[in-house]
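Start at 1 and go down the list; that is how both ligands and their atoms are numbered.
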Amino acid sequence: MFAVTPRAALNQARVVLGGSMAGLQRDRIGQRPYHEHTGDNICPNMVRGIDYLRDPRLNKGMAFTLEERQVLGLHGLIPPRFKTQEEQVDLCRKNVERYQEPLNKFIYLAGLQDRNERLFYRLLSENVEEYMPIVYTPTVGLACQKFGLIFRRPRGLFISIHDKGHVYEVMRNWPESDVRAIVVTDGERILGLGDLGVQGMGIPVGKLSLYTALAGIKPHQCLPIVLDVGTNRKELLEDEFYIGNRHERVTGEAYDSFIDEFMQAVVQRYGQNTLIQFEDFGNHNAFRFLEKYRGKYCTFNDDIQGTASVAVAGILASLRITKHKLADHKFLFQGAGEASLGIANLIVMAMQEEGLGEEEARSKIWLVDSRGLIVKDRPKGGITGHKQSFAHPHEPMDGLEDIVRELKPTAVIGAAAIGGVFTPQLLKDMAAINERPVIFALSNPTSKAECTAEDCYKYTEGRAVFASGSPFSPVTLNGQTFYPGQGNNAYIFPGVALGVICTGIHHIEDSIFLMAAKALADMVTEENLSHGRLYPPLSDIRNCSLKIAVYIAEHAYKTGIASVYPQPKNIAEFIQAQQYDYHYGAALPTVYSWPKL
Ligand SMILES: NC(=O)C1=CN([C@@H]2O[C@H](COP(=O)(O)OP(=O)(O)OC[C@H]3O[C@@H](n4cnc5c(N)ncnc54)[C@H](OP(=O)(O)O)[C@@H]3O)[C@@H](O)[C@H]2O)C=CC1
Ligand SMILES: CC(=O)C(=O)O
Ligand SMILES: [Mg+2]
C-alpha cells in the first residue's frame, strides 16, 4: 500500500487533477493565482509539503489521502492513519468536552480555527446550538476580558490611532485581496461589559466566524478589525497583560479624522461595495457614525439596526401567541441606548406599515434611561438625540418596578446591561397586568441579562413570552418544558450581509432590517411557538440566514438597488453557489509542488 513511488504518485496526481492545475484562477487584477474554492492566493512553487499542514485553509490533517500525501510531499509528516472529516469532527467534540471551563473551550476552538479552518467551520456550522455560546456570547465576553492573557495568534487587523496618516499602508499588510466584509469595533462598549479597549477584538472575530458558519460567507472574504484609540478603563491601563495602547481614549477631531481615514482606506483597498459592520462602539459615536456614513458607504450598525431587526422579529412572532395586533402593545424599554432606540424606531416603522400615524406609534413606546423614565421636560435632563421623540408628557419617575405598575406595559424589553433588574416582583406584576406578558431580557452576556429564563417563567406562572440575548437552557415548570428563544442579532446580520454582498447593494436602508425581521418571523412555526420559542431553533439558523438573504436580494433587484448584473434567474441558487463549503472534498488542494525525482 505504501509502495507508491514518486513517479507513480505524479501520474496519479495527473489523473486526480485531470492533468491540469485544476481549480487555479487569477485574482481580480490578474496577478496572483488563487484557488477557486478556498480563495487563497497561492504561488504554486512556494506551497509545498509542510505548508499544507501549517496553512489552516489548506490543512486537512489526517484526512489527506495517500495520493495527496505522496503528491504534496506530506508523506511521513502525519501519522499513517487516514481519517474522514466526520471522524475528525467527532474527535474535536470529545476534546471540547474534556474542558470544564468555557474559556478553555474557547481557547481550544480558536486553536482549531488557526489549525484547520474547514474542520472548525464544519464543527461550528453543524452544531450551532452547542458551540455558538463559546465562540460568541456569553463566552466571547470573558475571552475579551482575558484577551491579553489568552492571546496566542493574531487574527484580523489591529489599527492604532498612532497609525494615523498611514491607515491604508496598514491595511495593505492584510494578505487577502478579496475582502467583502469587515466588522470593526473601537472596543468602547463590548457587550454589556463596557470599555475593553483593544481587547474588544474578540467581538469582530466572533461575529465574522458567524458570517461564515451561519451564512456561508467565505472566510477569506471576512476581515475583523479593531481600532485602538486607547481605553478609559483604569484596570486595563494598569494590567500587566493588556496588549493595547496604554493611554486614555483619544477623542474629538483626532478620533473623528482617524475614523474617516479608516473608512476611506477600506474603499481604497477593497472597493466601494465592501460591507462595513460597526460593532460595539460607544453610544455617543454609534448613532452619529451611522448617520454620517450610511449614505456614503456600504455600512450598518449591528447594535442599532441588527438588534432592532431581531427584536421586531420576536415581537411579530409573539403576536401569534398573544393574539394582539402590534398596535395593541404598550412597550416599556429598560435602557435608551443603541439597542433600545434601534428597536423602538423599527417598531414605529412596523406600526406605520400597519397604518398607524408616526405620533400615535411613538406614543405606545416608553423608555427608561440612567436618569429614570424619559418624559417631556424631565428636570434631570439628559434627553438627547433619538430619545426626544419618545419623551411623552408624564410626571418624572424612577424605579423600574414603580414605572411598570404605573404604565402597565404589555411588553418590557431590557437592554441596559443591568443584570437582574427584572425582579421577581416586576415579573409578577407583569403577569398580573397581562395574560401573556412579553418579556425580553436582551442584555449580554448572561451575567447582564435582566432576568433568567427560569425566573421569568417561574414568576409569571409560565405565561411569559420570553426571549434573551444570551442563551438559556430549557426550563421545566409544572411538567411543561419551555425553550427560550435567543433574541440576538446573530439571527440577522449574517443573512443581511450575505444578501448585500451577493447583490452588491451600496447603501443599507432601515427597510432592509424590517424586511429581515418579517422574513425571520415568518420562519417561526406553530410548533416552535408551542414550545415557547419566538425564533426558529439555532440548529436552523443557517436556513434563516439564507432566506433573509434571498428576501433582500429579491427586493434589491425589484427596486434597482442591486449592482450585480445580470439579474440571476434563480436567486436562491445564485446565492447558494457563492456560499462557502467546509467539506474537504470541495477544496482538494490542487496546487502542489512536484516531488523531487
Ligand atoms: N441581544 C442582542 O442582540 C443585543 C444586545 N445588546 C445588549 O444591550 C445592552 C445595551 O447595549 P446598547 O444599547 O448598545 O448600550 P448603550 O450604551 O447604547 O445604552 C445603554 C442604555 O442603558 C441605560 N442605562 C444605564 N444604566 C441604567 C440604569 N441604571 N437604569 C436604566 N437605564 C440605564 C443608558 O442610559 P443613558 O442613556 O442615560 O446613559 C443607555 O440608555 C448590552 O448589554 C448589550 O450587550 C446590544 C446589542 C444587541
Ligand atoms: C449581541 C451584540 O451585538 C451585543 O450584545 O452587543
Ligand atoms: Mg454588539
Check each atom of ligand 1 against the heavy atoms of [X] and keep those under 4.0 Å away; list them by number with element.
{"X": "Asp303", "answer": "47 (C)"}
{"X": "Ala417", "answer": "43 (O)"}
{"X": "Gly487", "answer": "1 (N), 2 (C), 3 (O)"}
{"X": "Gly469", "answer": "1 (N)"}
{"X": "Gly192", "answer": "42 (C), 43 (O), 45 (O)"}
{"X": "Ala336", "answer": "21 (C), 40 (C), 41 (O)"}
{"X": "Gln334", "answer": "30 (N), 31 (C)"}

Is it the side chain (CB and beyond), the backbone, both or neither of [X] that lies under 4.0 Å from ligand 2, heavy atoms counted?
{"X": "Phe493", "result": "neither"}
{"X": "Ile203", "result": "neither"}
{"X": "Thr137", "result": "neither"}
{"X": "Gln486", "result": "neither"}

For [atom], closest protein heavy-atom neighbour:
{"atom": "atom 37 (O) of ligand 1", "answer": "Lys387 NZ, 2.7 Å"}
{"atom": "atom 5 (C) of ligand 1", "answer": "Leu442 O, 3.1 Å"}
{"atom": "atom 34 (C) of ligand 1", "answer": "Ser370 N, 4.3 Å"}
{"atom": "atom 16 (P) of ligand 1", "answer": "Asn283 ND2, 3.7 Å"}
{"atom": "atom 29 (N) of ligand 1", "answer": "Ile418 CD1, 3.6 Å"}
{"atom": "atom 46 (C) of ligand 1", "answer": "Arg189 NH2, 3.7 Å"}
{"atom": "atom 10 (C) of ligand 1", "answer": "Ala415 O, 3.4 Å"}
{"atom": "atom 13 (O) of ligand 1", "answer": "Ala339 N, 2.9 Å"}

- Message: Taking Glu126's backbone N and O only, do any of them form a donor-acceptor pair with Tyr131's side chain (distance below 3.5 Å, no angle check)?
- Response: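 Side chain of Tyr131 to backbone of Glu126, a donor-acceptor pair under 3.5 Å: no, none is there.
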- Expected output: side-chain Asp429 to main-chain Arg405 donor-acceptor under 3.5 Å: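 No; zero donor-acceptor contacts below 3.5 Å.
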I'd like to know if [X] pairs up with [Y] as an ion pair, taking the criterion as any Lys NZ or Arg NE/NH1/NH2 lying under 4.0 Å from an Asp or Glu carboxylate oxygen.
{"X": "Lys105", "Y": "Glu130", "answer": "no"}
{"X": "Asp303", "Y": "Arg189", "answer": "yes"}
{"X": "Arg233", "Y": "Asp195", "answer": "no"}
{"X": "Asp228", "Y": "Arg249", "answer": "no"}

- Task: Give the C-alpha distance, both sets of side-chain angles, the deciding distance and a yes or no for ring pair (Phe, Tyr, Trp, His ring centres under 6.0 Å) between Tyr121 and Tyr580.
- Result: CA-CA 10 Å; Tyr121 280 116; Tyr580 178 64; 5.7 Å; yes
Taking C-beta and beyond as the side chain, do [X] and [Y] meet within less than 4.5 Å on heavy atoms?
{"X": "Asp398", "Y": "Lys380", "result": "yes"}
{"X": "Gln199", "Y": "Gln145", "result": "no"}
{"X": "Val135", "Y": "Val140", "result": "no"}
{"X": "Tyr255", "Y": "Asp186", "result": "yes"}
{"X": "Val310", "Y": "Asn488", "result": "no"}
{"X": "Glu188", "Y": "Asn285", "result": "yes"}

- Task: Specify the closest pair of heavy atoms between Val412 and Val404, including all atoms of both residues, with the distance to one decimal.
- Result: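 Minimum heavy-atom separation between Val412 and Val404: CG1-CG2, 4.2 Å.
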- Message: Can you tell me if Leu191 contacts ligand 2 (heavy atom of the residue under 4.0 Å from the ligand)?
- Response: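 Yes, Leu191 has heavy atoms under 4.0 Å from ligand 2.
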Decide whether [X] and [Y] meet the rule of one side-chain donor and one side-chain acceptor closer than 3.5 Å.
{"X": "Asn283", "Y": "Arg288", "answer": "no"}
{"X": "Gln277", "Y": "Thr299", "answer": "no"}
{"X": "Arg436", "Y": "Thr322", "answer": "no"}

- Does an N or O anywhere in Arg189 fall below 3.5 Å from an N or O of ligand 2?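 Between Arg189 and ligand 2, an N or O pair is found under 3.5 Å apart.
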Just jot down the ligand 2 atoms closer than 4.0 angstrom to any heavy atom of [X], in number order.
{"X": "Asp303", "result": "2 (C), 3 (O), 4 (C), 6 (O)"}
{"X": "Glu279", "result": "3 (O)"}
{"X": "Asp280", "result": "6 (O)"}
{"X": "Tyr136", "result": "1 (C)"}
{"X": "Lys207", "result": "1 (C), 2 (C), 3 (O)"}

- Task: Determine, considering heavy atoms only, which of Val310, Asn444, Val140 sits nearest to atom 1 (C) of ligand 2.
- Result: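 Checking each option, the heavy atom nearest atom 1 (C) of ligand 2 is found in Asn444.
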- Does the N or O separation between Val310 and ligand 1 drop below 3.5 Å for any pair?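 It does not: no N or O of Val310 is found under 3.5 Å from an N or O of ligand 1.
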- Message: Please check whether Lys448 reaches ligand 1 - meaning an N/O of the residue sits under 3.5 Å from an N/O of the ligand, judged on distance alone.
- Response: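 Between Lys448 and ligand 1, no N or O pair is found under 3.5 Å apart.
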- Item | Heavy atom of Gly382, distance to ligand 1 below 4.0 Å |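 Outside the 4.0 Å threshold, so no.
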- Return yes when at least one N/O/S atom of Asp280 is nearer than 2.8 Å to the Mg ion (ligand 3), and no when none is.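 Yes.
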- Task: Starting from the Mg ion (ligand 3), look over the N/O/S atoms of Glu279 and name the nearest one.
- Result: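 Output for this pair reads OE2.
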- Query: Which N, O or S atom name in Asp303 marks its closest approach to the Mg ion (ligand 3)?
  - Reply: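 Result: OD1.
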- Item | Check against ring pair (Phe, Tyr, Trp, His ring centres under 6.0 Å), Phe482 and His531 | CA-CA 5 Å; Phe482 301 92; His531 290 141; 9.9 Å; no
